[in-house]
Each structure stands twice: as structure tokens, then as C-alpha cells.
Amino acid sequence: MAAVWQQVLAVDARTSRRTPVRGSYQLQAQMNRAVYDERPPGSLVPTSVAEASRAMAGDTTLSENYAFAGMHHIFDQHVDSAVPRLQFANDDKHLLACCSLDGSLSIMTLSPSPPSVKVILKGHGGPVTDFAWSLSNDIIVSTSLDGTLRIWNTEDGRCIREVRDPESSELLCCTFQPMNNNLTVVGNSKHHLQVVNISTGKKVKGGSSKLTGRVLSLSFDAPGRILWAGDDRGSIFSFLFDMATGKLTKAKRLVVSEGSSICSISARSWISREARDPSLLINACVNKLLLYRVVDNDGTLQLKRSFPIQHGSQHVHSIFCPLMSFRQGACVVTGSEDACVYFFDVERNTKAIVNKLQGHGGPVLDVSFNCDESLLASADSTGMVIIWRREQK
């Protein structure tokens, strides 16, 4: 399977800040539509009456907001091995981590200058496929094709615990339960999801389920009540998560495209006094970035919009911009197999591209903004990580 993973990544060559949410999706969506019905039907973004929020970001266009001054720094410690995932630490401007198919992870710091590699996490016996920061940033969990979940101390790089997959299968993705960071959900190559208590290293009873294919992507909603999982057969499943027990209950299934890999799922609640319905951003190897609306408490999805990108085979990821709810308009960012980073305005019906960054030497696999959007990181299939600095207005 390691060879297959490498081959997929060689062709043509997790985070929004969380805000506690109350109430049901249906009720909040109804309230939003009732208050802001001057927007076009189905609009997903903050409305023109959100003066206070816009003032926080500046009264500028999205194109002006997402203009970049150029490359701030390039990290090449994983050169010649793809970097499939990278992510800024939660609510942090300068701490960044990435994982590599060379079997290691890196934690990098961008301040004080010059940027540097703080620590390299070594111990996996195979390519590292995914990782996640804990809410307090003191722990990272990672998955690997060696069949282990590892828990790392982010300060000194020490491996605190190793949890082996009970099926001895390759582990492909992981995510923390947002309201209980003792629990991590892991997806494997034998189509199974499993909730693991990282404090004990034990499986949670009732916290397992099976998909139709290899589990490639995971994302919780902000309250941690719904989990979405995507597989390599083109399906996205929603699961209801029991906070008290860690039990998973399968709710809905959506076939995005039969036989296509669901490489990335990113959830954004967008539930506030000024914003509309919760949404999912999906990369599914269909040469499009897909935006779905979450329409009920079971996690049912309805396609809202799509954006053209080059994405046919590789594990490309995308994100919502962290400060989206404070601007007039809303932006998403995605990697692409043409070695570019794309910014799209989800409110535009035509000419949705806000910006395009060029500089990578291979397909861009992941992107991540820091908490105040002053820096963007992107990673590619050649092992290069580029830090981009946004122009200051």
C-alpha cells in the first residue's frame, strides 16, 4: 500500500478556529434566512449589514484582502518526499507542523526570525499520512502506513504513546474530537473508523463503523456532534457522535462521484448572528472544489457550488479562511495538481478566483492559514513547504 500511496502522489508531478455553537442547524438556518432575506437565495456568507464584523477586517475587497507580498520562507527538510498535510497550531500565528512520506513530522516556528525547524518527530516505520494538533497545542497525533497512531509531545518531540491498529492495517487519517481531546478518530485502509482514547490507548466501545472504501478524510462539526468521513469509493458518510460514551451512529451517505477519492473534508459552522448555514468544503478528484450545505442535524449535504481546479488523482486538500465570518464575501483556499494555490470567493457566480499563487515545483497537496491570516503555508509533492506573507493594508 505504501507504493500505491507514493504512486498516487507522484502522478503529474483541518483548521478553522472552533466556536461553540448552540441550537439545531435547522433552527439557526431558519433564523438566518428570516433576518437576512435581502441576500440571494442560498447565500452562505455574512450579509451587507454586518458593519461591525467588516470593520474588524477592514473595508476592502476580497482581492485586496488576499493579495500576497510574496514568499516569506521556504522549508525543505523533507525534500524528495511528499508532504501530504500541514497545519498551523490552533490560534497561533507562528507555530506550524507538517508530516512527510519520509516517515517523520516537523514542527516549525516562524518567529523570532529567521524561521526554523523547532523539532523533528521521528519514530514511525512508514510514510506519515495525517496528523492533528490538540486544542491546547501540547500534543500532536499522527497516523502512518506502518499501522500505528502515535501521540507526540510538541515541546520536546517525544513520543508519548504508540497505538497499533487492531486490524494491523495502514492508518490513513485522524482527527481530534473537538470537545474532548482525549478522543481521536482514526480511519484505516480496511474501510474502518475507530474512536481511540489516547490517554489509555484503548478503543472506545461502540466507537467504530465501516465505510465502503479506504477511509481518507475526516472532519467534525464545531460542536463535535457530527462526524463526516470520506472514502476512496466516492462516498461521504455522516455519523452522530455521542459525547457521553464516544459511540458512533451512522446517519447519512452521499455518493459524490462513484469511484473517486474523497481526499479532503473541511467543516465550517458559520453560525452566528451575522452568518448563514453550516457548510462542508470537499476535494473529490473530480477536477472541482465542491461546497456543500449541511441541511439538517443528521449531516445531510446539499451541493451549493463548485469551482474548477486540476484535481484528478492526488490527495489535494482545501480550507475555509479563518476570518471569513468577519468580511463582506467569503473565501476558501485549495491546492491543485497544476502546482498552484487558488483562492475562491464562494459568493461569486462567475469569475470566482480571487487570487492564484505560483511557486511550487509539483502538485500542491495542502494549505493552511495562521489564525490572523497574516501567513499562509502550502505544501507539495516534492517536499517543499512555502510560507507566503499577505500584504498589510
May I ask you to decide if the ring planes of Y342 and F344 are parallel, tilted or perpendicular, using 30° and 60° as cut-offs?
parallel
Say you draw a straight line from OG of S318 to CG of L281; how long is it, rounded to the nearest 0.5 Å?
3.5 Å
Of all heavy-atom pairs linking A267 and S219, the shortest is N-OG, 3.3 Å
Decide, yes or no, whether a salt bridge links D231 with R233 under the criterion of side-chain N to carboxylate O below 4.0 Å.
no
ring-ring contact (aromatic ring centres under 6.0 Å, His included) filter on F237, not counting sequence neighbours, yields none
For F68 and F369, take the angle between the two ring planes, folded into 0 to 90°, and tell me which bin it lands in: parallel under 30, tilted 30 to 60, perpendicular over 60.
parallel
Expected output: side-chain Q177 to main-chain G224 donor-acceptor under 3.5 Å:
yes
Under a 3.5 Å cutoff, is there a donor and acceptor pairing between the side chains of S106 and Q77?
yes
Exercise: do N188 and E167 side chains pair donor with acceptor under 3.5 Å:
yes
Please give me the minimum heavy-atom distance between T334 and H317, naming the atom from each residue.
OG1-O, 3.6 Å
Can you give me the closest heavy-atom contact between L172 and D130, atom names plus distance?
O-CB, 3.8 Å
Do you see a donor-acceptor pair shorter than 3.5 Å between the side chains of T300 and D298?
no
Taking N370 for the side chain and L375 for the main chain, is one N or O donor matched with an acceptor at less than 3.5 Å?
yes
Pairwise distance CG(L135) to CG(N181) - rounded to 0.5 angstrom
5.5 Å
Is a donor on one side and an acceptor on the other found under 3.5 Å between the side chain of S269 and the backbone of P278?
no
Please assess L291 against F320 for the test side chain to side chain contact (heavy atoms under 4.5 Å, CB included), listing each intermediate value before the final yes or no.
CA-CA 10 Å; L291 180 67; F320 291 102; 3.9 Å; yes
Without placing hydrogens or testing angles, list every side-chain donor-acceptor pair under 3.5 Å for residues 354-365, not counting sequence neighbours.
{"from": "N355", "atom 1": "ND2", "to": "Y66", "atom 2": "O", "distance (Å)": "2.6"}
{"from": "H360", "atom 1": "ND1", "to": "D380", "atom 2": "OD2", "distance (Å)": "2.7"}
{"from": "H360", "atom 1": "NE2", "to": "S378", "atom 2": "OG", "distance (Å)": "2.6"}

Would you confirm whether S261, through its side chain, and C263, through its main-chain N or O, come within 3.5 Å as a donor-acceptor pair?
no
Side chains of H124 and T148: do they bring a donor and an acceptor to under 3.5 Å?
yes
Check whether the side chains of D92 and N90 place a donor and an acceptor atom closer than 3.5 Å, and report yes or no.
no
Pair H311, S336 - check side chain to side chain contact (heavy atoms under 4.5 Å, CB included), show working.
CA-CA 6 Å; H311 183 202; S336 178; 5.9 Å; no
Check against side-chain hydrogen bond (donor to acceptor under 3.5 Å, both in side chains), S209 and H192
CA-CA 6 Å; S209 189; H192 283 102; over 6 Å; no
Minimal non-hydrogen separation, P84 against D366, with atom names:
O-CB, 3.6 Å
Side chain to side chain contact (heavy atoms under 4.5 Å, CB included), that's the test. Do D242 and T249 meet it? Break it down for me.
CA-CA 8 Å; D242 189 310; T249 302; over 6 Å; no
Using modelled atom types only, decide if a donor and an acceptor are shared between the side chain of N197 and the backbone of G201 within a distance under 3.5 Å.
no
Between E170 and K190, does any side-chain N to carboxylate O distance fall below 4.0 Å?
no
W133 side chain reached by I139 side chain, heavy atoms, under 4.5 Å
no
Could you walk me through whether R214 and D232 pass the salt bridge (Lys or Arg N to Asp or Glu O under 4.0 Å) test, one step at a time?
CA-CA 5 Å; R214 298 163 62 233; D232 67 349; 3.5 Å; yes
Closest approach of D146 to G126 (non-hydrogen atoms, all atoms of both residues)
CB-N, 3.7 Å
Heavy-atom pair with the smallest gap, counting every atom of S81 and S100:
CB-OG, 3.6 Å
For side chain to side chain contact (heavy atoms under 4.5 Å, CB included), just list the numbers for N182 and F176, CA-CA rounded to whole Å, side-chain angles, deciding distance to a tenth of an Å, and then say yes or no.
CA-CA 8 Å; N182 279 325; F176 276 106; over 6 Å; no
Can you check whether L171's main-chain N or O pairs, donor with acceptor, with T129's side chain at less than 3.5 Å?
yes
Could you tell me whether R150 and E162 make a salt bridge, using a distance below 4.0 angstrom between a side-chain N and a carboxylate O?
yes
Holding to side chain to side chain contact (heavy atoms under 4.5 Å, CB included), I want the full list of residues that pass it with S136, two or more places apart in sequence or in another chain.
S134, D138
